[in-house]
Structures are given as C-alpha cells and as structure tokens.
Amino acid sequence: AHPVIDNGPPKKNSGRGSGGGRGGGRNAEPPPMPMSSPLMGKKKKPFLGMAAPLGYVPGLGRGATGFTTRSDIGPARDANDPVDDRHAPPGQRTVGDKMKKNQEDDEEDLNDTNYDEFNGYAGSLFSSGPYEKDDEEADAIYAALDKRMDERRKERRELREKDEIEKYRMERPKIQQQFSDLKRKLSGMSDEEWLSIPEVGDARNKRQRNPRYEKLTPVPDSFFSKHLTTGDKHTTVDPLQGVSNLNLPGGLESPYPGGMTPGLMTPGTGELDMRKIGQARNTLMDMRLSQVSDSVSGQTVVDPKGYLTDLNSMIPTHGGDISDIKKARLLLKSVRETNPHHPPAWIASARLEEVTGKLQVARNLIMKGTEMCPKSEDVWLEAARLQPGDTAKAVVAQAVRHLPGSVRIYIRAAELETDVRAKKRVLRKALENVSKSVRLWKTAVELEEPEDARIMLSRASHTTLPSLWLALARLETYENARRVLNKARENIPTDRHIWITAAKLEEANGNTQMVEKIVDRAITSLGANGVEINREQWIQDAEECDKAGSVATCQAVIRAVIGIGIEEEDCKHTWMEDAESCVSHGALECARAIYAHALQMFPSKKSVWLRAAYFEKNHGTRESLEALLQRAVAHCPKAEVLWLMGAKSKWLAEDVPAARSILALAFQANPNSEEIWLAAVKLESENNEYERARRLLAKARSSAPTARVFMKSVKLEWVLGNIEAAHELCTEALKHYEDFPKLWMMRGQIEEQSEHNEKAREAYNQGLKKCPHSMSLWLLLSRLEERVGQLTRARSILEKSRLKNPQSPDLWLESVRLEFRAGLKNIANTLMAKALQECPNSGILWAEAVFLEARPQRKTKSVDALKKCEHDPHVLLAVAKLFWSERKITKAREWFLRTVKIEPDLGDAWALFYKFEMQHGTEEQQEEVRKRCENAEPRHGELWCAESKHVLYWQKKIGEILTQVASKIKNTF
C-alpha cells in the first residue's frame, strides 16, 4: 500500500489569482498543462445524439426513480385552466373529450348479462396494455386457426341450415303460399260475383275515424304591439283582460306604449308597423336580385319568380360525401404540386370541380394545366370542352399552335363551328398540316358534294392511304375507277382491299370472267411483295363481299384461299367448320362455295355430300337440292340416304313419277336395300296406290325379308281395315322374328281393337317371355290390366318389370301415374321419391315430379330439376308449362323456344307450344310455330305418338297431327 501524503488544508485563493498582489501573477509559474486523457483518442459512441428508443426511462435499469420539481410542472394553476396539450389534436387531449373517454373506459360493466362462466366479465384482461407486434401475430394465427376450423365444418353446417330452412318452410309456409290456390280461383269469377262482395267496414272507433286536427289561429299585429314593451312572455291570452273594476273599456289596464312614462304625450318607443316590415323585406330581396344582374346588358341572370327553384338546381349532383370531396381535392392538389407536368392530374382536378358545381374553378384549373402541359392533347381537349363557345374556339386555336399535327384537336375545332363553310375551312387547313389522316379526309369528304368530294380525293391520290383510293374509285365512272385502282395498286402494292374492290368493280359491270383472274393475280402479287396471305382475313373479306351482293367475287376469293395453310389430312374437317361458320354469319354463298370446293376435292365422301344436301335443304331452293342430289348419287350410288332425299324432294313437290324413277334407279344401285323398299312402299301408300304397295311388300318379303318389312306389311293391312290379313301376316312374321317386340305389340293391339282382351294378354305375355327388356310391352300389358279394372295386377306387373329392368325411368313413371290415376296421391309421391333416388338424372321423372307438388312448392321443385337435368327437354318443357300456369307469358314463350331448339324431334313440345300460342299468341306466331314444326318433322313424344301412330290417322300430315294433338291438350296443370 502506498503511503498517503497529507499537505494540510488547501490554501484559499483570493479573487486576484495565486500571486496575492496586483503584480503577483507577473513572476508566477504558468499553470501546468493537463495530461492527455486516454479517452480522447477513441471514436465517439454511435448512440450519442440519437433519439431514445420507445419507452426508454433513464436510470430505470439501476433502480433510479425520477422526481419532479416545480420547474418541471410550472407555477400553480387553477383547476379550470387548460394544460400544456391544449393545442393537441382532438383525439390526443388529456382534458375534455379524452378525459371523458378514459373515465368511460375505466368503468367496467359488472352487469350479470355481461358475465360468462369461462371468460368472466366481457372485455379483455389486457386491454389497458400496449398492443405490440407479437400480439398482432398471435391474433393473426388464432384468426387463421378459427377460419380453418370453420371451413372444415362449413359444408356440414350449410347442409344442416338448408335442411332446417326447408323443414321450417314446410311446417310454416308463407301466407302467400297458403292463399295462392284461393287467389287463383278468382280468375274464374264473373263481374257480378265480384261486385256482389260487400265492402269491408271501418272497424276503428269514431275518434280514430274522425280525428280532430289542431286549429291554429293567426295572432293580430295589435297583440304584438300591445305586449312589445313588457318583459312578460305570455303563451295564452288572459281571459280577465277585458274585465275592469274601474268601468273602463276592456284592455285599458294592460300597459301600452308610453303609458308608464311621466308624460303621456311622449311617442311610444315600442311602436311596431308590420306593413313597413313587409316593405323592407321586399326591398331587401330586390337588392339581392339586383346584385346578380348582368352589369353589361342590365338583364337579370336569375329569374325573380323562380328564384327558389333555381337555388335547388344549384345543388351539386355528385351525390358524394363532402369529406370525400375534400380528400380528393387535397390528394389531387398534392399530385399537381408534386408533378405539375402530369396531364391526368389537371384533367381529374377540373372534372372534380365540375362535378361539384364549381365550373369556373374547373376552367381556371384546366387553363393552368394547358400552361403546364402545352404538349398534351387531352388537356387541350378538356379545356375546349369546359369553356363556352367563343372561348373554346380560342382555346382550340391556341392548341393548334402548340400541336399542329393533332387530328383530334382539328376535329374538335370543326365541331365547334356552326357554319358548314367554316367547318370546311377548318378541315382543309387541317389537311394541309396532316395530309395522311384518314379520319380528317373522311370528315372533310362527308361535308362536300359528290363532285367536290371527287376533286378532293383526286388531290389525295399522292397519299398511301388505301381507303382514300377506294373512296375515290366509288365516286368515279367505270373507266376512271379502273384507272384509279390501277394507280392505287402501283402506289400501294401490299393492300388486298384494292384488288378485291377491283374484282367487285368488274363483277358489277358484268365482266365476271375477269374476277377469277384478278383474285389469282392478287394472291400472286401480294405474295411477291412479301405479304402473308392470312386465310381467316380473306374469308372475312369474302363474307363481306357476299353480304354486299358480289357473289362471283366471294366465290373466287374462297376458291383462291380455302386451301392455304392447311394440312391435307385436316382439309375436310377444317372446310366443314368454315362452312358452318359462314352459315352462322349469314354468308350463304361463301358456305356454298366451300361445299362446292370440298365436293370437288372429295367427290366420293358421303358425309360431305350429305352436309351439302342438308345445307341446300335448309337454305337453298328445291331445284338446287335436286341438282346436288343428282350429282351426289352419281358419285355415291351406294348411299341410300341420298337416293331417298332425292325421291322425297320430288314427292314433296308432288312429282310422284319422278320420285318413282329415282327409287327405280336406287333399286338398280342397291338391289336388296330395306330402306329403298320401304320408301317405295310409303310413296305408293301415301298416294293411295295400295295395290302397288302390297305388291312391293310381297316382293320385298320374298327377295329381302326383314322384320321391318314384315312389320310394314302388317301395318298396311291393319290401317286398311283387313284385320284377318294383318293377323295372318303377324303370325307368319313371328315364326321368323319372334324376338322383334314390335310384332308382339301389334298383335296385342289388334286383339285389343277386336276386344279380345284375353288373346291380347296372352300376346303380351308371350312377347315378354321373348323380349323381357322391351319397356313398351310391359307398359301395354299394365295398361290393359288397368283398363279392365285389375289395378292390383297392373301394379304387380310394373313391379316385376322394374325388377327385370332396373333404373328404367319409363317404368317408374308409369307406376307413379298408375297410383295417381287411382287417387292414391300419397303412394304416388312415395314412389316418385324412390324413382328419383334410383334415377336421379331422369328428365321425364323430374318433369312429372314438378306437377305432383302443390302449387306453392312447384317452383322450388323446378329449380331442383334444373340443377339435376339442366339441358333435358322434358324438364325445360315442364318449366315452360309452369310459367304458363302462372300466366307469365313472356317467360313461358322463352322456355318453349329453348325446348324446341334443344330437341326439335319432341312432338309434345311442339304441340304444347302451339296450344300456348293459340291461347296467348297472334296468328303470325301460331303460323311460325306450325311451319317450324313441319320443317322439324318430330317423331317422338307420348302425346304425339298416340296420335301419329293411330291406325285412323296414318295418312295425316305433320300440321294436321299438330293441330289435333294441341286440341286434345287440356290445361290441367
């Protein structure tokens, strides 16, 4: 340890220094130099001078606590004085609203309704603590977990809620559903019954029926003048005011102006003249109106009579919140100041002020925008739009000086002119500066007369704009147009429209032989100049030529480009698609040209001939169809359908000998064809040549015996009334073709017609042994048993049929209808539920299920049916009938049209549609449905087949069957 040296107490220095005297410091030693500190050479700490971190309290780590002195808080204040943060924003004050809010937050709600067994009282335990980033992350994790758990149960919960809603609706239907059937009966009431209904009496009491309104009596001016000087405020008039103890007239005791002053002659200070107040009000209104008068012309801008009405019109129509407008205005101002050369900022600012009704502010803003963005076309156009007439012209003139090449500004300048000559002058000036603008030339030419337009376009011949050349060619004569187009081809060798226009010009003047050459030269020339031949564009040009009536040009273009860029194996498929596309666009000649080219390339393809034949049948004439079919059978003699189409076309034209000759040629090409034999039989039987038909059938049975030939033989004898011959033929046919169900059906129906029910039952049973999967045989046997009253046997037959043929909608449907016809609706509903479980996608079952429901539930059932069978014609037909029953005519017509479009072969849909139009449509609509049905030639449908296959109506045409089926339909739905 080092010894401690003590030198005694320190000497006290005087204020003059260590020398003691005045000159004591002169000979004194200089003060010693301080030694260099070891800290001086080190770098400064990086945290010095930086702001303290959030929540930092000095000395808190070592246990030091802060203290407050008077200098920190300032002098004492009164309790009502504001504190230092009186200028803080409203949400951060410690007095006033903030203090009240804190007091409200501190008061905890200890009500019993706010208590939970698990969480205690509502509210967070840590709501007073700071909400940090960790808390935010934890909340996000918990929210994600809750969402995941919710999604796992979502589907099950939604199904449960849906079932609960459906169950609730079934138990407690709406009042509208409960009374809908009663309201529907009102449609059948007569006017007398309606007028005989007594009026509903008013059940309210007399006081409610005759309310006594409060009566207000205006107070006279004398009352105000009388009480002017008094300080009392009376709401009622004193009833004793007119009573006086001094026998004076009533009212003299009440104070009057000047009555309390010593001199009664002093004029009253409270005198009130209502007439002068009215005059002053009128004078004030006159002054207000004169302030808004025009200082130049002296006319009033505001109509005095409609002053208040005009004030209403000044209300801004933007419909937005004022605070939103202020925010938008502030934001746009910031954008303008940040980037003053940004045109959209000025345009948006001006439009905002325009919407809020401040038109002058908008004009000022947009003019300032033109100064900041003089090269912006949009800013100048917006300025011209906002300014009134003459000012807008000046703005446009200024814009032209800054943007001499802007087409839109020149167009706007022309629109601002009201005189046609001024418009022409503006556009000609524009063409001097912008000579290559098609829009300017087009606008200028439209204002000119034809001769002047031709001169103008001839001046534009030095340009490279194809549209100007084509416009000039349209205005010229034939010879001049040819020269113009030749010159255009020299100047613009890469434009195809010039060549197509030249071809159309030659066709229009009768030179059809030149059309093909011009199109071929066009393809060659454009290819030589490096132009890609786009097949799709050329086909579009051909469609335009077709619509313009240039058939030869259209066909030439199709022939020239149809094979470009297609592989050989894809040609047929691609060309058929092109033809269908042209048909859908209405370009029939293009489609005809494509089919002609395809037939030329594939002359032995039966499918191409068939497509072309159907095209001619739908869109062509009978002559074109027959000519095509003659060529078709020459190239495809084995195609039976082509022979039959040709024969049918001749038969429909009532040319029976020609049809016979076509069928004779078909026999030569196809000697043992069943289709041709039956077509010949039908031709003869339809024309009442029954003996020839019998001979043909006998020859067919000997040379080409088939089940269909025997069936047609039986059918012919049956419809002609030869029951014995039909029975014998049927027996003979069943020896050879016992597995053909239609022969068993015909045998049973012949026995039923003869009222031999036992033989009919035996025929059906024998047929079912041979053909157990024939639905029609099961249905015929069941209906026979039902007709004879054996309901139980019919039910068992259908159950047996469903066991042998599971998932058969027709059998389920017949079972449901059997119970419904027997009056057992509950059993029918149960069977329908089972049927829909076994066949959930059957349209006929869903269609029947819709009308098994009560009227209020039918709409819901139809929605379910559409979900399961969206494109099924039976479901669509059921929806159409549903709208029809609800008298929604337009919707019903739309759904009928949709049904016949999806399935034109369904005869029931056509019959119901025709019945609907008979009740709610015009004669034109009825005729249209009839024609469309005849063209569609429907063959299926329950109601339709019941009439069309009846032995008594075998010779009826489609239109007659349609009328008959529609007449038998009753609106039972």
Side-chain angles (χ1 to χ4, degrees), residues 438 466-467 469-471 473-474 485 488-489 492-508 511-603 605 607-621 624 628 631:
V438 178
S467 56
W469 289 102
L470 298 179
R474 292 190 192 99
L485 289 174
R489 284 203 298 267
I492 315 170
T494 58
D495 191 86
R496 68 182 188 280
H497 295 100
I498 298 174
W499 292 94
I500 295 175
T501 306
K504 290 165 70 175
L505 177 66
E506 297 296 339
E507 181 183 358
N511 298 331
T512 52
Q513 69 275 8
M514 288 291 296
V515 173
E516 193 83 28
K517 296 179 182 178
I518 290 174
V519 174
D520 291 339
R521 285 173 56 195
I523 300 293
T524 308
S525 174
L526 291 172
N529 284 283
V531 178
E532 181 186 359
I533 305 300
N534 191 324
R535 183 172 169 276
E536 302 296 332
Q537 290 180 353
W538 280 87
I539 291 178
Q540 288 180 3
D541 294 335
E543 291 179 1
E544 292 175 2
C545 293
D546 186 2
K547 293 172 184 176
S550 302
V551 178
T553 305
C554 153
Q555 294 174 348
V557 170
I558 290 293
R559 284 193 294 270
V561 303
I562 193 67
I564 295 177
I566 303 177
E567 298 293 336
E568 186 176 353
E569 59 269 13
D570 296 335
C571 283
K572 176 187 167 187
H573 177 68
T574 306
W575 290 344
M576 294 302 101
E577 286 184 351
D578 291 338
E580 291 175 1
S581 174
C582 291
V583 171
S584 63
H585 295 157
L588 301 181
E589 292 299 330
C590 287
R592 188 172 281 115
I594 293 173
Y595 280 126
H597 184 77
L599 291 172
Q600 188 177 355
M601 299 300 294
F602 304 105
K605 289 288 185 180
S607 59
V608 179
W609 285 108
L610 270 177
R611 288 196 179 219
Y614 283 125
F615 168 76
E616 294 295 343
K617 180 183 177 183
N618 295 327
H619 304 286
T621 60
S624 64
L628 179 73
R631 292 170 49 211

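Side chains are part of it too, since the values below use all heavy atoms of this structure and drop only hydrogens, waters and symmetry mates.
- T553 approaches C545 most closely through the heavy-atom pair CG2-SG, 3.9 Å.
- With values rounded to the nearest 0.5 angstrom, D578 atom CG is found 4.5 Å from I539 atom CD1.
- Across R592 and H619, no two heavy atoms sit closer than the pair NH2-O, 4.2 Å.
- Side-chain N or O atoms of D546 include one that pairs as donor or acceptor with a backbone N or O of L588 at under 3.5 Å.
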Verdict with reasoning, R611 to E580, per side-chain contact (heavy atoms from CB on, under 4.5 Å): CA-CA 10 Å; R611 288 196 179 219; E580 291 175 1; 2.5 Å; yes
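- Taking each heavy atom of A591 and A579 in turn, the nearest pair found is CB-O, 3.7 Å.
- Rounding to the nearest 0.5 Å places CH2 of W575 at 13.5 Å from OH of Y595.
- One finds the CH2 atom of W609 at 5.5 Å from the CG atom of L628 (value rounded to the nearest 0.5 Å).
- Between K547 and H585, the shortest heavy-atom contact is CE-O, 3.4 Å.
- Residues passing the side-chain contact (heavy atoms from CB on, under 4.5 Å) test with L610 are K606, Y614, V641, L642, M645, sequence neighbours excluded.
- Taking SG of C571 as the start and NE2 of H597 as the end, the distance is 7.5 Å to the nearest 0.5 Å.
- For the atom pair K605 NZ and K572 NZ, the distance stands at 4.5 Å (nearest 0.5 Å).
- Atom OG of residue S581 and atom CD of residue E543 lie 6.0 Å apart, to the nearest 0.5 angstrom.
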